[in-house]
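As structure tokens, the structure follows; a few thoughts come after it.
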Amino acid sequence: MSAFLELSGLHKVFPDGTEAVRGIDLACGEGEFLVLLGPSGCGKTTTLRMIAGLETPTAGTIRMSEGDITQRPPQARDIGFVFQFYALYPHLSVFDNVAFPLQSSGCDAEEVRRRVCDMVERLGLQELTGRRPSTLSGGDQQRVALARALVRQPRLWLMDEPLETLDGDRRLQMLEMIRAQQLDLGITTIYVTHDQEEAMSLADRVVVMEEGRIRQAGTPAGIYDEPESLFVAHFIGSPGMNFVSGESEAGGWLQANGGVRPPLPARAPASQALTLGVRPEHVRPDPQGPLPGTVVLDELLGTHRNVHLDTPAGRIIMRRPPAETYRSGASMSLAFDKGQIFRTDTGERVR
Ligand code: ATP
């Protein structure tokens, strides 16, 4: 896939000294749906705003297919920027709200009519075109706002937490709609969120950020299965990976807290401070298991249950089928089916 947008060495230091972005290198392919994911304050919005031209990078370059656009003003970048879907013009009809971006960019009336009709049909708004926003339900207003954001069909869409104010079915509906339209129109999209479920369900590639840097970029399955650091291992997954820290022993054991010795994957180096990371679905009860635990909470979540246990190596959460039950206070031994190993000092994964 050809690189359509390329960020190289991107930095942003605000006048008050805040280092919001500390060296981002990222290439986004044509038609790709990229999600920037990370905790609040990690620099997602600032990165997006630099791509849009709303912030000037302190260092680094932004290139699109035609070359360096770092210094180009926002209106000359052909980028659609969507942050919240709610800002509709109250005095305009649905049709005129959707038509507005086209009219302001100088499209002729016939072209405007054709494109607005196409977009309202895509989003199922045909019956509402004559109505004012105040007469619509919240969900319909969101769809109108989405239609207005999509109608111009720019080369690149930038979306900053567009669904933050929605929940439940409405959020899912909008997620589906955004992805379907993006795939259908093939528009390269960079989407910012701190919600990992949103990221995992939308993205071709997820870019996990922390403190102004990219910690890992990869497919949703790739970053879930092969996190490169303790940070990503814990941030991705709900709940994140369990960790057991200790000293690795020859023969493939981890000498951990409380004298417990879970086996380590074969590639573990001996005599090092290592952390074993295990996903909740890879923990199971086993009378011969190396880790004793006491149930503190049995959390039934419909399709599965998360069983929280206290162990000498710390808190462990295991995912089990809903039909099983676990009594608080019950003791059992645990075994791990699969794990990742990380260096405890740097948090990086051991290959
Ligand atoms: P959130 O999800 O909370 O929006 P974010 O990952 O998008 O977070 P940014 O909004 O990019 O993070 O902010 C990164 C850092 O830069 C934060 O510490 C923030 O307080 C700071 N910051 C953002 N804008 C400015 C500004 N104009 N002046 C000074 N500091 C800023």
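Numbering of ligands and ligand atoms starts at 1, following listing order. What you see is a predicted model; the values in this text were computed from it and never measured.
Which parts of ligand 1 touch T18 is read off a 4.0 Å heavy-atom cut-off, strictly below it: atoms 16 (O), 18 (O), 21 (C), 30 (N). Remark: ligand 1 atoms within the under-4.0 Å shell around heavy atoms of E161 are 2 (O). Residue C42 has at least one heavy-atom neighbour below 4.0 Å for each of these atoms of ligand 1: 5 (P), 6 (O), 12 (O).
Residue contacts with ligand 1 do not include M209, since none of its heavy atoms lies under 4.0 Å from the ligand. Put simply, part of P39 is less than 4.0 Å from ligand 1, judged by heavy atoms. Ligand 1 lies within reach of G41, whose nearest heavy atom is under 4.0 Å from it.
For R279 and Y224, the positive end sits near the middle of the six-membered ring, less than 6.0 Å away and at most 45° from its axis. Within the cation-pi definition used here (under 6.0 Å to the ring centroid, within 45° of the axis), K338 does not qualify as a partner of F336. Taking the ring axis of Y89 as reference, the NZ or CZ atom of R148 stays within 45° of it and closer than 6.0 Å to the ring centre.
Distance screen at 4.0 Å: atom 19 (C) of ligand 1 has no protein heavy-atom neighbour inside the cut-off. Proximity of atom 9 (P) of ligand 1 to the protein is indicated by at least one non-hydrogen atom lying closer than 4.0 angstrom.
Between F14 and ligand 1, a contact under 3.5 Å exists for no N or O pair. In terms of polar-atom proximity, defined here as any N/O pair under 3.5 Å, T45 does make such a contact with ligand 1. Ligand 1 has an N or O atom lying under 3.5 Å from an N or O atom of K44, backbone or side chain.
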**OP:** Decide side chain to side chain donor-acceptor pair (under 3.5 Å) for D68 and T70; before the verdict, give the C-alpha distance in whole Å, the side-chain angles of both, and the deciding distance to 0.1 Å.
**Re:** CA-CA 6 Å; D68 192 335; T70 318; 2.4 Å; yes
Original post:
Taking it one step at a time, do Q272 and R343 satisfy side chain to side chain donor-acceptor pair (under 3.5 Å)?
Top reply: CA-CA 8 Å; Q272 275 201 23; R343 287 180 50 172; 4.8 Å; no
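Only side-chain heavy atoms of D16 come within less than 4.0 Å of ligand 1; its backbone N, CA, C and O stay farther off.
Using a 4.0 Å cut-off between a side-chain N of Lys or Arg and a carboxylate O of Asp or Glu, D118 and R115 do not qualify as a salt bridge.
Among protein heavy atoms, the minimum distance from atom 12 (O) of ligand 1 is reached at G43 N, 3.3 Å. The protein heavy-atom contact nearest to atom 16 (O) of ligand 1 is A20 CB, 3.3 Å. Among protein heavy atoms, the minimum distance from atom 3 (O) of ligand 1 is reached at S40 OG, 2.6 Å.
Taking the six-membered ring where tryptophan is involved, the planes of Y191 and F33 are tilted, since the angle between them lies from 30° to 60°.
Among L36, V21, T46, L37, the residue whose heavy atom sits closest to atom 11 (O) of ligand 1 is T46.
Atom SG in C42 sits 11.0 Å away from atom CZ in R22 (nearest 0.5 Å). A distance of 4.5 Å separates CZ of R315 from CG of D310, quoted to the nearest 0.5 Å.
Remark: Q340 pairs with no residue by the side-chain hydrogen bond (donor to acceptor under 3.5 Å, both in side chains) rule, at least two apart or across chains.
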